Amino acid sequence: MCANIVVAEDDVKQSELVRRYLEHEGHTVTVVGDGRTALEEVRRGESDLLVLDVMMPRTDGLDVVRILRAESRDVLVLMLTARSTEDDLLLGLDLGADDYMTKPFSPRELTARVRTLLRRNRRSGVGPAPAPAAASADEALSVGTLRIDPARHEVSVGETPVECTPGEFRILTAMAMEPDRVFTRQRLLEELHGFDKYISDRTVDVHIMNLRKKIEHAPRRPTRLLTVFGVGYKLTDPAKNVRHARP
């Protein structure tokens, strides 16, 4: 499962260490030392994954992610940072990063994270990587007017297409596989990151909030993606009268 990976890191020793480990895994690695060059490399359209340091010269990592997602670039993004506050972690995910590691980190763990991201997105159209773990089949899923196509990595509400980040897509697909089932935050975290020890339950809340902005008519009064207080979230057909769950 080899991939084209861009490593954006201005610490030369750190970037060379990451490059060696990733090349040992069989990946083709391009190392750049600033955010603007990272953008240029991804825009060439040949990159499957970007390993991106947050504190970068010229254009910082958060701005790089913001720009890439605004341009609908679906490259996977694994962010690296010395920042460890929850707000920083959530901001990176909110902007569209797929995973997040804080420094110092083990190069072996980084390669494991890369391997997991690529494997989980193989069928999603992002690099050589698998569909969400919950999407065991390629057939389209429908919950009311919400339609999800795992094979094409497409989401729509009625006739309106919806752009989702890979993390949002994984959550939505998992819930659509079992509509009306209540998913705990921990269960959804497993869909997102598996063994990720740095991200808290609030990560799920951020993804749910962003999904509501995209698939609900009134995000603050959701009828489709509901909160079941004290338990978690569930996806339902808004045409149904769900009495035991409130937004």
Side-chain angles (χ1 to χ4, degrees), residues 2-107 109-111 113-118 120-121 124-129 153 163-169 193 196 198-199 203 206-207 210 214:
C2 300
N4 294 319
I5 299 176
V6 176
V7 175
E9 167 65 75
D10 62 335
D11 184 319
V12 176
K13 290 184 178 180
Q14 185 77 70
S15 63
E16 283 303 304
L17 180 62
V18 171
R19 179 186 60 78
R20 288 199 300 270
Y21 270 81
L22 291 175
E23 287 184 342
H24 183 71
E25 292 277 302
H27 303 302
T28 300
V29 181
T30 300
V31 175
V32 299
D34 65 84
R36 192 172 301 172
T37 306
L39 282 170
E40 293 171 357
E41 283 295 327
V42 173
R43 284 167 173 163
R44 296 180 192 274
E46 300 177 355
S47 304
D48 301 310
L49 186 144
L50 171 63
V51 179
L52 176 66
D53 186 24
V54 169
M55 302 298 292
M56 296 284 288
R58 300 179 78 188
T59 305
D60 72 28
L62 293 175
D63 282 338
V64 169
V65 176
R66 185 182 292 110
I67 292 168
L68 290 176
R69 296 317 186 210
E71 294 177 351
S72 297
R73 307 280 177 177
D74 57 4
V75 63
L76 294 164
V77 178
L78 171 60
M79 299 199 77
L80 308 175
T81 182
R83 300 173 180 175
S84 59
T85 67
E86 187 175 61
D87 287 344
D88 286 326
L89 301 181
L90 292 175
L91 178 57
L93 293 171
D94 192 19
L95 291 173
D98 300 285
D99 203 352
Y100 215 116
M101 293 184 67
T102 55
K103 298 179 179 179
F105 58 85
S106 161
E109 182 177 357
L110 182 142
T111 57
R113 298 286 190 95
V114 167
R115 194 181 308 122
T116 298
L117 282 173
L118 294 171
R120 288 184 176 179
N121 288 275
S124 71
V126 182
H153 200 267
E163 294 292 332
C164 291
T165 67
E168 293 165 359
F169 189 83
H193 300 292
D196 191 334
Y198 298 111
I199 307 300
T203 304
V206 171
H207 283 298
N210 290 335
K214 297 176 179 182

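Bear in mind that the values here come from a model prediction, so they are computed numbers and not experimental data. Basis for what follows: all heavy atoms, side chains included, without hydrogens, waters or symmetry-related copies.
The line from CG of Leu62 to CD1 of Ile67 is 11.0 Å long, rounded to the nearest 0.5 Å.
With sequence neighbours left out, Arg73 forms a side chain to side chain donor-acceptor pair (under 3.5 Å) with Glu71. With sequence neighbours left out, the side chain to side chain donor-acceptor pair (under 3.5 Å) criterion links Asp34 to Thr37, Arg58. Among residues two or more places apart in sequence or in another chain, the salt bridge (Lys or Arg N to Asp or Glu O under 4.0 Å) test is passed with Arg69 by Asp98.
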**Request:** Take Val7 and Val32 through the side-chain contact (heavy atoms from CB on, under 4.5 Å) test and state the conclusion after the steps.
**Result:** CA-CA 6 Å; Val7 175; Val32 299; over 6 Å; no
**side-chain contact (heavy atoms from CB on, under 4.5 Å) between Leu110 and Met101, worked out** = CA-CA 8 Å; Leu110 182 142; Met101 293 184 67; 4.1 Å; yes
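Using a 4.5 Å heavy-atom cutoff, the side chains of Gln14 and Phe105 are in contact. Side chains of Asp53 and Asp10 form a contact here, defined as non-hydrogen atoms less than 4.5 Å apart. In this structure, Leu76 and Leu50 have side chains that are not in contact, with every pair of non-hydrogen atoms separated by 4.5 Å or more.
For the pair Glu9 and Lys103, the salt-bridge criterion is met [side-chain N within less than 4.0 Å of a carboxylate O].
Judged by distance alone, with hydrogens and angles left aside, the side-chain atoms of Asp48 form a donor-acceptor pair with the main-chain N or O of Asn4 at under 3.5 Å.
For Glu16, the CD atom is densely surrounded, since the number of other residues' heavy atoms within 6.0 Å is greater than 12.
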